[in-house]
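Quick one: structure below, then a few questions.
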Amino acid sequence: MAARKLIISVKSSWIMAVIPLLVLGGCKQNVDQSTTGVMGEEEVQITIDEVQRAVSTFNKVMVNPTAELMETLCSEELTYGHSSGLIQNRHEFIDDLVNGPFDFLTLEAADQTIHISGNTAIVRHIFLAKGTNAGEAVDVRIGNMQVYQKGKDGKLRLLARQAYKLPN
């Protein structure tokens, strides 16, 4: 009976010594992966000017869209949320923009803010547009959040977008 207590005590001591090491090792691994902003061996740098150019280019292409141009600006993993609640993937968004009933005539990003974290930029602005929907004139004023991510090729692409209704 005393030998069994000794074995349990030794096992408990070993486990109690190993668990904190595993927890600390896991925390260090998570911190290293999420905060370095490193892709491969090169650190990814994003500037506010670069993000502003990406947003401006994206908005200009939405006014005169082609599938080829939109494919270069949108990530393969794009998730595009409309203020109506409709969520589209890259293919659905581009097809709807190029072939759908809505045509943008003008588009402006007012009150824009940009936050950069590693290889990702979060953009918020008021999305102001004039267009036509099935031939009928439409004015759009919605809130918009976009997430751009810099790829290994050094290009920023739209990864996510969510529009939301603004109070009157």
Side-chain angles (χ1 to χ4, degrees), residues 29-168:
Q29 180 181 8
N30 289 340
V31 167
D32 288 345
Q33 289 179 351
S34 65
T35 62
T36 58
V38 172
M39 296 183 74
E41 296 297 317
E42 299 175 22
E43 186 171 334
V44 175
Q45 297 291 325
I46 300 176
T47 67
I48 288 184
D49 286 343
E50 183 179 18
V51 176
Q52 288 173 330
R53 282 191 308 272
V55 172
S56 178
T57 299
F58 187 82
N59 290 344
K60 286 177 186 172
V61 173
M62 284 186 68
V63 172
N64 293 305
T66 67
E68 295 78 23
L69 283 174
M70 290 310 294
E71 286 170 1
T72 66
L73 300 173
C74 297
S75 169
E76 292 281 340
E77 296 84 21
L78 175 67
T79 178
Y80 195 94
H82 295 268
S83 61
S84 66
L86 175 67
I87 306 289
Q88 295 175 315
N89 64 27
R90 178 182 187 227
H91 173 75
E92 293 164 335
F93 163 67
I94 292 172
D95 183 58
D96 190 31
L97 183 65
V98 173
N99 301 312
F102 198 98
D103 287 315
F104 288 103
L105 303 174
T106 65
L107 202 152
E108 180 185 341
D111 300 327
Q112 184 165 279
T113 62
I114 297 171
H115 175 78
I116 295 172
S117 177
N119 70 334
T120 305
I122 301 167
V123 179
R124 289 185 178 274
H125 55 247
I126 306 300
F127 183 92
L128 302 168
K130 292 189 182 295
T132 60
N133 189 6
E136 304 244 349
V138 178
D139 288 338
V140 178
R141 182 183 178 274
I142 53 177
N144 192 18
M145 182 191 70
Q146 297 176 326
V147 179
Y148 287 84
Q149 188 174 53
K150 195 169 203 175
K152 291 180 182 179
D153 62 0
K155 294 182 181 178
L156 278 177
R157 288 187 180 78
L158 184 64
L159 178 64
R161 185 257 198 185
Q162 183 60 57
Y164 52 92
K165 294 179 182 179
L166 296 171
N168 292 334

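What you see is a predicted model; the values in this text were computed from it and never measured. What's counted below: heavy atoms across the whole structure, side chains too, no hydrogens, waters or symmetry copies.
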When rounded to the nearest 0.5 angstrom, what distance separates CD in Gln162 from OG in Ser83?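 With rounding to 0.5 Å, CD (Gln162) is 8.5 Å from OG (Ser83).
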
So how far is it from His91 NE2 to Glu71 CD, rounded to the nearest 0.5 Å?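 Rounded to the nearest 0.5 Å, the NE2-CD separation comes to 9.5 Å.
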
Suppose we screen for side chain to side chain contact (heavy atoms under 4.5 Å, CB included). Which residues come up paired with Leu166, at least two apart in sequence or across chains?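 Residues passing side chain to side chain contact (heavy atoms under 4.5 Å, CB included) with Leu166: Ile126, Arg141, Tyr164.
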
If we ignore hydrogens and angles and just use 3.5 Å, is the side chain of Lys150 paired with the main-chain N or O of Gln45 as donor and acceptor?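 Looks like yes, one N/O pair under 3.5 Å.
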
Just verifying a value: how many Å separate Met70 CE and Ile94 CD1, rounded to the nearest 0.5 Å?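 Taking CE in Met70 and CD1 in Ile94, the distance rounds to 6.0 Å.
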
With a 4.5 Å cut-off on side-chain heavy atoms, are Gln149 and Leu156 touching?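 No, too far: nothing below the 4.5 Å cut-off.
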
Is there a donor-acceptor pair under 3.5 Å between the side chain of Glu92 and the backbone N or O of Asn89?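 Yes; at least one donor-acceptor contact below 3.5 Å.
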
Looking at every non-hydrogen atom in both residues, tell me the closest pair between Leu78 and Ala160 and how far apart they are.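 It is CD1-N, 4.0 Å.
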
Measuring from His115:NE2 to Arg124:CZ, what's the distance to the nearest 0.5 Å?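 One finds 11.0 Å between NE2 of His115 and CZ of Arg124.
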
Smallest separation among heavy atoms of Asn59 and Ala109, with atom names: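 Nearest heavy atoms, Asn59 then Ala109: ND2-CB, 3.8 Å.
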
Taking only residues at least two apart or on different chains, which pairs with a member in residues 124-160 satisfy ring pair (Phe, Tyr, Trp, His ring centres under 6.0 Å)?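 As it turns out, the ring pair (Phe, Tyr, Trp, His ring centres under 6.0 Å) pairs with a partner in residues 124-160, which skip direct neighbours, are Phe104-Phe127.
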
Between atom CD of Gln146 and atom CG of Leu159, what is the distance when rounded to the nearest 0.5 Å?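 Answer for the CD-CG pair, Gln146 versus Leu159, is 11.5 Å.
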
Is it true that Asn144 and Arg161 share a donor-acceptor pair across their side chains at a distance under 3.5 Å?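 Distance-only check passes for Arg161 and Asn144.
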
Salt bridge present between Glu77 and Arg90 (N-O < 4.0 angstrom):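 Salt bridge: no.
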
Check whether more than 12 heavy atoms from other residues, nucleotides or ligands sit under 6.0 Å from atom CG of Asn168, and answer yes or no.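 Not buried by this count: 12 neighbours or fewer within 6.0 Å.
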
What closest approach, in Å, do Val98 and Ala67 show between heavy atoms, and which atom pair accounts for it?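 Where Val98 meets Ala67 most closely, the heavy atoms are CG2-N, 3.7 Å.
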
Any donor-acceptor pair under 3.5 Å from Asn133 side chain to Glu136 backbone: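 It does not hold such a pair.
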
Are Leu97 and Asp95 side-chain neighbours, meaning at least one heavy-atom pair lies under 4.5 Å?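 When only atoms from C-beta onward are counted, Asp95 and Leu97 do not touch, as no gap falls below 4.5 Å.
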
Shortest non-hydrogen contact from Pro101 to Asp96?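 Minimum heavy-atom separation between Pro101 and Asp96: CD-OD1, 4.2 Å.
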
Working to the nearest 0.5 angstrom, can you tell me the gap between Cys74 SG and Leu158 CG?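 Here the rounded value is 5.5 Å.
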
Holding to ring pair (Phe, Tyr, Trp, His ring centres under 6.0 Å), I want the full list of residues that pass it with Phe93, two or more places apart in sequence or in another chain.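 For Phe93 the ring pair (Phe, Tyr, Trp, His ring centres under 6.0 Å) partners, ignoring immediate neighbours, are Tyr80.
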
Is a side-chain N or O of Thr57 found less than 3.5 angstrom from the main chain of Ala54, in a donor-acceptor match?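 No; zero donor-acceptor contacts below 3.5 Å.
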
Do you know which two heavy atoms are closest between Ile87 and Gly81, and how far apart they sit?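 Smallest interatomic distance, heavy atoms only, reads CD1-CA, 3.8 Å.
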
Is Glu50 reaching over with its side chain to a backbone N or O of Thr47, donor-acceptor style, under 3.5 angstrom?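 Yes; judged by distance alone, with no hydrogens or angles, the pair exists.
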
Is it true that a side-chain atom of Ser117 and a backbone atom of Thr120 form a donor plus acceptor pair closer than 3.5 Å?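 Not confirmed, Ser117 side chain does not pair with Thr120 backbone.
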
Minimal non-hydrogen separation, Ile46 against Val51, with atom names: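 Answer, listing the atom of Ile46 first, then Val51: CG2-CG2, 3.4 Å.
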
Is there a side-chain contact between Phe102 and Val138 in this structure, where contact means two heavy atoms from C-beta onward sitting under 4.5 Å apart?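 Yes, at least one pair of side-chain atoms sits under 4.5 Å.
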
